[in-house]
Every structure is written in C-alpha cells, then in structure tokens.
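In what follows, a single structure is set out as structure tokens and then discussed.
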Amino acid sequence: QVQLVESGGGSVQAGGSLRLSCAASGDTVSNNCMGWFRQAPGKEREVVASLDTDYGGSYYADSVMGRFTISQDNAKNTVYLRMNSLKPEDTAMYYCATRARGEGMCVLVPASWYNYWGQGTQVTVSS
C-alpha cells in the first residue's frame, strides 16, 4: 500500500505562487508515474502535470504550461508542484496520485489510470 499526503495549499491573489508537496510512504512503486490533478466544484477531475520518477520526463496540461513545474526530491520521497502566475481559474482541490508506468511513458492520462491518491489540498486564487 502506498500512502500519499499533500500539503502546501492555501489562498493567494492572482499572480501569486504556491508550492504543493506530495510525500509518499509505505510500499514504493517502482517504475512509476506521479501525477497532479485538480478538481473544481461541479467539474471533473483533470490532470495538471505528470512526472516519470525514474527518467524525469514531465508533461503538462495546456492550461498550466509555462506556469507550473513538477519536480521531485528522491531523498525525501516527495514530488512538488510549483505554481506561478496563478489565476482565479486555478482554484480547485489539488490531488497527487501514482501509478505504475508499465511499458509506456508518463504522459497525461485520465484519473482512472491512477491507483493511489492523496487526500487533496485546497488552492484558492482570488482576483
């Protein structure tokens, strides 16, 4: 079993920045993909970014490209999501998740592909 715990959410004004953290513990998932997702009220959960934890490849949704950066600290078993130039439309509950990479790359895939999830951290951006 893999446990994921997110932190770092909060309330900021438009144009501000936040860094979300996702700490992993328990059974490690080798050759895995880490993903950040978000879900706003009344909307489906959408993928924001994903990371190949072995080879470092990263992928971003068009809506966050150039503003968000996914990264990892292997020593801390932690994945981060740095969010700059935040917009009101970035307001959502943010979740991290992990899945086995298998034969493919860690490209952006739907939430249903992921096996383990954190509890989420709220990000609110005011105009």
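This is a predicted model, so every value here is computed, not measured. In this chain, numbering begins with 1 at the start of the sequence shown.
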For atom CH2 of W117, decide whether the heavy atoms of other residues, nucleotides or ligands shown that lie under 6.0 angstrom number more than 12.
yes
Do V5 and Y94 land in one hydrophobic cluster if side-chain heavy atoms of ILVMFWY residues count as linked below 4.5 Å?
no
Of all residues at least two apart in sequence or in a different chain, which pass the ring pair (Phe, Tyr, Trp, His ring centres under 6.0 Å) check with F68?
none
Enumerate the residue pairs fulfilling salt bridge (Lys or Arg N to Asp or Glu O under 4.0 Å) with a member in residues 33-45, sequence neighbours excluded, ordered by first and then second residue.
R38-E46, R38-D90
Heavy-atom side-chain proximity of R99 to V109 below 4.5 angstrom:
yes
Within-4.5 Å side-chain heavy-atom neighbours: L4 and M34:
yes
Would a 4.5 Å heavy-atom cut-off, applied to side chains only, mark S50 and C33 as touching?
no
Return yes if some donor-acceptor pair links the side-chain N/O of Y59 with the main-chain N/O of D52 below 3.5 Å, else return no.
no
Between E6 and L20, is any pair of side-chain heavy atoms under 4.5 Å apart?
no
Between T91 (side chain) and V125 (backbone), is there a donor-acceptor pair under 3.5 Å?
yes
Are S7 and T121 close enough that some pair of their side-chain heavy atoms sits under 4.5 Å apart?
no
Got L108 and Y60 here, is their nearest side-chain heavy-atom distance under 4.5 Å?
no
Note: C22 and W36 closest approach over all heavy atoms is CB-CZ2, 3.6 Å
Heavy-atom closest pair (A14 atom, S127 atom, distance to 0.1 Å) is CB-CA, 4.3 Å
Single-linkage hydrophobic cluster F37~V79, side-chain heavy atoms < 4.5 angstrom
no
Is there a continuous path of hydrophobic side-chain contacts, each under 4.5 Å between heavy atoms, that joins Y116 to Y80?
no
Is a side-chain donor-acceptor pair under 3.5 Å present for T53 with N32?
yes
